[in-house]
There are 2 protein chains.
Amino acid sequence: MVDSGLINAARDFNRFYTNFLGVLNRAYLDTDFTLTDARVLFEIGSREGVSAVALARDLQLDPAYLSRILKRFRANDLIETKADPGDLRSQIIKVTTKGYRQFEELGRRSNTQIAERFANLVDGEPQTVVAAMTSIRALLDPDAEPRPVVIRGHRPGDIGWIVQSQSKAYTEEYGWDMRFEGLVAEVAGKFLANFDPAMEYCWIAERDGINVGSVVITNGGDGVAKLRLLYVDKAARGLGLGRMLVDECIRFARAKQYRQISLWTNDILHAARGIYLKVGFRLVSEERHRMFGPEENGQTWVLDL
Amino acid sequence: MVDSGLINAARDFNRFYTNFLGVLNRAYLDTDFTLTDARVLFEIGSREGVSAVALARDLQLDPAYLSRILKRFRANDLIETKADPGDLRSQIIKVTTKGYRQFEELGRRSNTQIAERFANLVDGEPQTVVAAMTSIRALLDPDAEPRPVVIRGHRPGDIGWIVQSQSKAYTEEYGWDMRFEGLVAEVAGKFLANFDPAMEYCWIAERDGINVGSVVITNGGDGVAKLRLLYVDKAARGLGLGRMLVDECIRFARAKQYRQISLWTNDILHAARGIYLKVGFRLVSEERHRMFGPEENGQTWVLDL
DNA sequence: GAAACTAATTGACTCAGTCAACTAAAAGCA
DNA sequence: TGCTTTTAGTTGACTGAGTCAATTAGTTTC
């Protein structure tokens, strides 16, 4: 039996969120769409070629009711339907150009509502909210798909994120002290201050608008690219993200005619070391140090391109 | 502007949760209560003696509709109402014994539904879900009580947060470019790398475990304390937080026998300038520069202690 | 090739929720 | 003080979102 305190808290949240969604759904008040209409159109718009049964099942709608909604949409030229050649009873539903515009308009309204709610929050809080939502969904939604990760160049604030997340993670996981954060901040700061877009780059891995990984290539001179600040957040480990980031670096370094990539790491970072080995880096030197508190094995690795 | 990835993720969650709540609310299907009825009865049952307006406001119901629901409840002997002696227009609504039994019955059904959902989860997961729910609610519920701000020393990750939040804010608000983030990261990194706990300090203002403000005192030598990186997040402005942080600095500098506090800022940062003036800083020099893109007026202020 | 099942539609209905108008008490105002 | 404006609650009149049962037509089963 599950703890009743938990259940009460969940009920409490559900009550609150019922209200909250009620407010958000006001967005449709001055359109000729009901919430149900909007849900249906959204589903059709984002899943080209669904069938009515699938819609009814996923949105938990009465088939009769849905049929009427679809009929109206068809009359208003928002959707087109044709029989599924594989099963002539079933139909393939698609939005028309007009329907797509409407779909986008509804999306815009919905976005505005949420943006308004988020606008009252401190920087970082929207990320917290979304992270919490994601974690709820991952556990309560049996068909939650893994969310896609995008890798992109850095934007304002990202360098600060790198400093923050790395120092937090490594102090927690390995007991390093604040000198580590100082080092990261200085490295990151110098990277930005002297940033040379022609030869240097910073990749940020992002999921649902939340940063989950990073890596940086800086110009070490003499045809040597320095790979720095490789990091993958705990919540996104096991997806091969570290490998993808390192691959980006190698591709970039080759394209920029570097002859070698060099990096400094600590052997305690096993996952990273595994990646470096796999892509062909070789260990060239090693030294024990206490730069961040506990004694560690600092290592220099290079990859000839 | 809030990141669109975040907004999409939130919309996604809302769509999912609309469905989820829809399923949960099936609990009332075989009772003679609608979801609205249940919400009303729940609210009356848990807040002895509410008025109809309060109910209508909190549950976002039409007063006419609510009035009819209450009438029905009264007829079914679920509630009793009497005029509020303090305001004869208003009524005090209470559940009867029968109403309370019904209230409990609905609660039980609702609990069962949630318990069923939780039953599919591994141990520890329900706790995660509830923690996530609580954190969403704390941030999105406007009626959640105002959350206290605490000012404390820095911890791992805080310096990165300073870099991130300041650079994000100033690029958005004043169009400064990434060299600003670079400068902040270097200043912050040096502060940490050479941190002298006897003469230096970093204050972080925190609300609900989330950072909302910062300031740093570093030793400039010669009896001069440098005040740096003063920042208050947008959503926490107007609480006098900036002033509190500066006061902390002054108190600290006095205690450490500094003879002067000096700081560099830009006149475009009006709120900060207002604080410096108010606590007695005086402007000693000024120069135009383009360090961060747009032309700005850099200013040096000092306060003799 | 008949029986059982599924996708979609239509007819017929109902009741949850809305809007406007009204009463009565309270609050504001000069 | 009396006048106007606002607020709490109620009622009449309505509508349209959503439900249920029955029907058609295609598909699967054995």
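Below, read A as the first sequence line, B as the second, and so on, with proteins coming before strands; counting in each chain starts at 1.
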Practice task
Please determine if R155(A) and D158(A) form a salt bridge, counting it only when a charged side-chain N lies under 4.0 Å from a carboxylate O.
Solution key: no
Completion exercise
Side-chain contact check for V53(A): nearest option of dG17(C), dA7(C), dG26(D) is dA7(C)
Exercise for the section: State whether S90(B) places a side-chain N or O below 4.0 Å from either non-bridging phosphate oxygen (OP1 or OP2) of dG9(D). Expected result: yes
Exercise for the section: Tell me, yes or no, whether the heavy-atom count around K98(A) atom NZ, taken from other residues, nucleotides or ligands under 6.0 Å, exceeds 12. Expected result: yes
Problem - Nearest-Å distance for atom pair CZ/P, residues R39(A) and dA17(D) - result: 15 Å
Practice task
Using atom CZ of F33(B) as one end and atom P of dG17(C) as the other, report the distance to the nearest whole Å.
Solution key: 14 Å
Practice task
Measure the OG1-CG distance between T18(A) and L35(B) for me, rounded to the nearest 0.5 Å.
Solution key: 6.5 Å
Practice task
Evaluate the ring planes of F103(A) and Y100(A), with Trp represented by its six-membered ring, and classify them as parallel (under 30°), tilted (30 to 60°) or perpendicular (over 60°).
Solution key: tilted
Practice task
Would you please indicate yes or no on a ring centroid separation below 6.0 angstrom for F20(A) and Y17(B)?
Solution key: no
Fill in the blank from the handout: Contacts of T36(A) and P85(A) projected onto DNA chain D by closest heavy atom; the upstream (5') one is T36(A)
Fill in the blank from the handout: In whole angstroms, the gap separating C1' of dG17(C) from CG of L61(B) amounts to 10 Å
Handout entry: dT10(D) phosphate, OP1 or OP2, under 4.0 Å from R74(B) side-chain N/O
Key = yes
Exercise for the section: Return the value, rounded to whole Å, for the distance between atom CD1 of I93(A) and atom C1' of dA7(C). Expected result: 11 Å
Exercise for the section: To the nearest Å, give me how far apart CZ (R57(A)) and P (dA8(C)) are. Expected result: 11 Å
Exercise for the section: Take the protein atom CD of Q91(A) and the nucleotide atom C1' of dT24(D), then report the distance between them rounded to whole Å. Expected result: 14 Å
Exercise for the section: List the atom of L78(B), the atom of F33(B), and the distance in Å for their closest heavy-atom pair. Expected result: CD1-CZ, 3.9 Å
Handout entry: Between dT10(D) (C1') and L88(B) (CG): distance, integer Å
Key = 16 Å
Exercise for the section: Quickly work out the R72(B) CZ to dT10(D) P distance and round it to whole Å. Expected result: 14 Å
Exercise for the section: Confirm from the modelled atom types if R89(A) and dT6(C) form a donor-acceptor pair under 3.5 Å, side chain to base only. Expected result: yes
Problem - Distance-only polar pair, side chains of R273(B) and T265(B), donor-acceptor under 3.5 Å - result: no
What does the list of N/O pairs under 3.5 Å between the protein and nucleotides 10-12 of chain C look like, with a distance for each?
unit_1	atom_1	unit_2	atom_2	d
dT10(C)	OP2	K71(A)	NZ	3.3
dG11(C)	N7	R68(A)	NH1	3.4
dG11(C)	O6	R68(A)	NH2	2.5
dA12(C)	N6	R68(A)	NH2	3.3

